[in-house]
There are 2 protein chains.
Amino acid sequence: MRPRSGRRVGRNAVRCVESPTEGPMRPGPRRSLTHAEILEAAFALLETKGFEAVSVRGVAGVLGLTPTAMYTYYPNKGALLAGMVEQLLGRVDTSEADGAATPEHARTRVVELAQGLRSILVERPGAVGLLLATPLDGPNARRLDERLLAAFADAGLDPVAASRATHAVRVHVLGAVAFDAAEEERSPGGPTAADPGPAPAASATLWDDAETFPLGDRSRGLGDDPAGRFAWGIERLLDGLLAPAPIARG
Amino acid sequence: MRPRSGRRVGRNAVRCVESPTEGPMRPGPRRSLTHAEILEAAFALLETKGFEAVSVRGVAGVLGLTPTAMYTYYPNKGALLAGMVEQLLGRVDTSEADGAATPEHARTRVVELAQGLRSILVERPGAVGLLLATPLDGPNARRLDERLLAAFADAGLDPVAASRATHAVRVHVLGAVAFDAAEEERSPGGPTAADPGPAPAASATLWDDAETFPLGDRSRGLGDDPAGRFAWGIERLLDGLLAPAPIARG
DNA sequence: ACCTGAACACCGTTCAAGT
DNA sequence: ACCTGAACACCGTTCAAGT
């Protein structure tokens with residue numbers, strides 16, 4: 001009696017797809033679904049309807065399952081989201097093209113990692129929500145950290161500085177993508193060119209007392225295309241992180 | 001019949017507290033609540049039960065109101081959250097202590113703004129969730145931006161660079177607080193000292209394939225106290241943002 | 001072992017009705 | 001104008017039961 005949206009493949013369709021990492025086959029009814037298939041459905045939901053739509057019930061729905069059946073695969077919603085994060089982070093390329101341990105090469109490696117992480121986040125809408133809702137402690141998150149730590153060590157930073165620099169990069173990438181996502185949400189289509197928004201008068205929804213912000217108004221649309229300001233920001237951050245010495249400069 | 005948790009002041013208690021910005025008094029039953037009182041209740045909920053507990057129904061509950069009565073004050077949940085964000089940002093001190101427009105003074109002003117914003121966010125748990133869930137376009141958000149833009153202009157940056165530098169600082173503060181909050185959530189009490197967590201074996205919850213991360217393991221607990229790494233990161237970011245020239249350095 | 005159906009305690013929001 | 005109560009379409013999660 002519950003309203004079902006869209007066709008499904010048959011409630012008890014036997015799909016006999018056994019994940020090879022699931023352990024030896026056991027008697028009894030087999031899992032009809034792979035973790036990969038569930039994550040696929042979850043990502044489909046994420047990309048088509050946004051992060052809010054990624055619910056246990058929603059994912060179960062697109063798979064033709066009862067919500068409770070989901071709890072055979074994941075102990076709770078958090079574990080499902082963690083699985084999605086892991087698969088997402090697994091897609092960023094961390095292969096060291098050619099291991100020259102020079103400071104210059106270390107810097108470009110950091111930039112590549114940061115840009116790679118940002119790419120996989122911005123190219124599927126809603127992915128930031130995922131990252132912010134889930135602790136980043138899976139193997140793929142740690143692998144990314146490891147690469148950043150190695151690069152900063154190659155650049156000559158001591159362990160404490162390398163650890164803090166890694167954190168700074170992490171913070172910057174996630175913060176930047178979160179901001180872009182928030183802006184995208186309130187003006188879909190994106191301000192790739194100078195786009196003043198839906199007329200300056202119509203945006204005064206709730207804030208009735210007019211206060212003027214000359215600098216902010218003047219700089220609206222200046223250098224705020226997401227990719228450009230991200231690239232610029234990462235380079236400036238690295239300028240600071242890899243500066244030759246912590247002595248005062250004139 | 002609905003379960004009410006805790007005492008309340010009487011369902012139809014006339015509180016005759018009229019907000020002075022509400023416009024001239026009108027006939028008919030007065031508002032029994034101020035926007036400020038509603039926000040107060042919302043913040044109480046935020047601080048005691050976390051961001052998840054800040055719901056229209058929850059806030060109505062602590063005020064002794066029906067959920068639907070909330071819609072007389074705010075058109076939807078987003079507007080309520082935006083109101084909270086505005087009040088929060090209003091608490092960061094943006095008074096220019098003494099307007100010396102030197103680059104050195106500009107730098108310390110940026111640091112003070114960043115630290116001030118961080119303070120009001122970390123001192124009430126759950127506030128980050130608020131910031132990340134709401135577009136930062138209210139007057140107080142714009143006022144903060146304005147101060148940052150002015151400081152970067154005083155430091156000698158051209159308008160585009162100042163705009164991007166402002167964005168970088170914004171991104172860094174919010175990203176850092178979001179990370180701290182995520183870490184705090186999974187190990188309350190905080191790793192202020194070297195805290196290896198709940199025994200290295202017990203944390204292997206879902207990730208069964210053991211992969212080793214020598215650098216990450218070695219640097220665990222190194223320089224990761226939140227306040228310290230934030231201060232360090234902001235200084236390094238400013239090193240890069242305020243570097244004398246974009247020419248290559250040896 | 002995997003799955004269903006009913007149930008519990010929640011959401012945000014709308015609507016008709018009272019004062 | 002402000003508020004209530006009922007209702008709609010959702011949540012995450014637990015439990016008893018079927019195969």
Side-chain angles (χ1 to χ4, degrees), chain A residues 1-5 8-19 22-35 37-38 42 45 49-82 133, chain B residues 1-5 8-19 22-35 37-38 42 45 49-82 133:
Chain A
M1 223 47 99
R2 72 198 131 118
R4 284 200 170 260
S5 61
R8 60 196 168 82
V9 287
R11 196 193 232 87
N12 290 320
V14 191
R15 297 214 211 168
C16 284
V17 189
E18 193 71 28
S19 150
E22 214 72 54
M25 299 218 187
R26 301 272 224 72
R30 305 244 182 81
R31 300 207 102 134
S32 65
L33 260 26
T34 314
H35 281 255
E37 287 178 292
I38 294 178
L45 222 36
K49 302 212 205 314
F51 176 64
E52 305 258 284
V54 181
S55 62
V56 174
R57 295 175 109 106
V59 175
V62 324
L63 290 167
L65 283 181
T66 270
T68 48
M70 292 287 296
Y71 288 82
T72 338
Y73 296 91
Y74 295 98
N76 47 48
K77 186 185 181 179
L80 172 65
L81 297 185
Chain B
M1 223 47 100
R2 72 201 130 115
R4 282 197 170 262
S5 59
R8 59 196 168 80
V9 287
R11 196 194 233 87
N12 291 319
V14 191
R15 296 214 211 168
C16 283
V17 189
E18 192 72 28
S19 149
E22 212 73 53
M25 301 219 187
R26 302 271 223 74
R30 305 241 183 82
R31 303 206 99 135
S32 65
L33 260 26
T34 314
H35 281 255
E37 288 178 290
I38 294 179
L45 222 37
K49 301 214 206 311
F51 176 64
E52 304 258 285
V54 181
S55 62
V56 175
R57 295 175 110 107
V59 175
V62 322
L63 291 168
L65 283 181
T66 272
T68 48
M70 292 285 296
Y71 288 83
T72 341
Y73 296 91
Y74 295 97
N76 48 48
K77 185 185 181 179
L80 171 65
L81 297 185

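Each chain gets a letter, A, B and so on, in the order the sequences are listed, and its residues count up from 1. Only a predicted model underlies this, so the values are computations on that prediction, with no experimental measurement involved.
With both ends at atom P, the span from C:dC10 to D:dA9 equals 22 Å, rounded to whole Å.
Comparing A:Thr72 and A:Arg57 against DNA chain C, the residue whose closest nucleotide sits nearer the 5' end is A:Thr72.
Listed here is the closest heavy atom pair of A:Met70 and A:Ala60: CG-CB, 3.6 Å.
One can place CG of A:Leu65 at 12 Å from P of C:dC2, the figure rounded to the nearest angstrom. Between the C1' atom of C:dT13 and the CG atom of B:Leu80 lies a distance of 14 Å, rounded to the nearest Å. For the pair A:Lys49 NZ and D:dC11 C1', the computed distance is 17 Å after rounding to whole Å. The nearest whole Å value for the distance from the CG atom in A:Leu81 to the C1' atom in D:dG12 is 12 Å. Here D:dG5 presents its P atom at 17 Å from CE of B:Met70, a figure rounded to the nearest Å. Separating the OH atom of B:Tyr74 from the P atom of D:dC2 is a distance of 14 Å, rounded to the nearest angstrom. Per the geometry, CG belonging to A:Leu33 stands 14 Å off C1' belonging to C:dA1, to the nearest Å. Distance A:Glu52 CD to D:dG12 P: 11 Å, rounded to the nearest Å.
Every stem involving DNA chain C, taken as at least 3 paired positions in a row under the Watson-Crick or G-U wobble test at 3.5 Å, is listed here: C:4-8 with D:12-16, C:12-16 with D:4-8.
The structure places CD of A:Glu52 at 12.0 Å from CG of A:Leu45, a figure rounded to the nearest 0.5 Å. With values rounded to the nearest 0.5 angstrom, B:Leu65 atom CG is found 13.5 Å from B:Arg57 atom CZ. Rounding to the nearest 0.5 Å gives a distance of 8.0 Å between CD of A:Glu37 and OG of A:Ser32.
For B:Tyr71 and D:dC3, the shortest distance from a side-chain N or O to OP1 or OP2 is not below 4.0 Å. OP1 or OP2 of C:dC3 has at least one side-chain nitrogen or oxygen of A:Tyr73 nearer than 4.0 Å. Dashed line: the shortest gap from a side-chain N or O of B:Thr66 to OP1 or OP2 of D:dC3 is not under 4.0 Å. For B:Ser32, a side-chain nitrogen or oxygen approaches OP1 or OP2 of D:dC3 to under 4.0 Å.
At a cut-off of 3.5 angstrom, the base of C:dG5 holds at least one donor-acceptor pair with the side chain of A:Thr68.
Just one residue in the list B:Thr34, B:Ile38, B:Leu80, B:Val59 forms a side chain to side chain contact (heavy atoms under 4.5 Å, CB included) with B:Tyr73, and that residue is B:Ile38.
For A:Asn76, whose side chain is taken as the heavy atoms from C-beta onward, the closest listed nucleotide among D:dT13, C:dT13, C:dC3 is D:dT13.
In this view, A:Phe51 and A:Leu46, A:Leu81, A:Leu130, A:Ala133 satisfy the side chain to side chain contact (heavy atoms under 4.5 Å, CB included) rule, not counting sequence neighbours.
By the 4.5 Å heavy-atom criterion applied to side chains, A:Val56 and A:Tyr71 are counted as neighbours.
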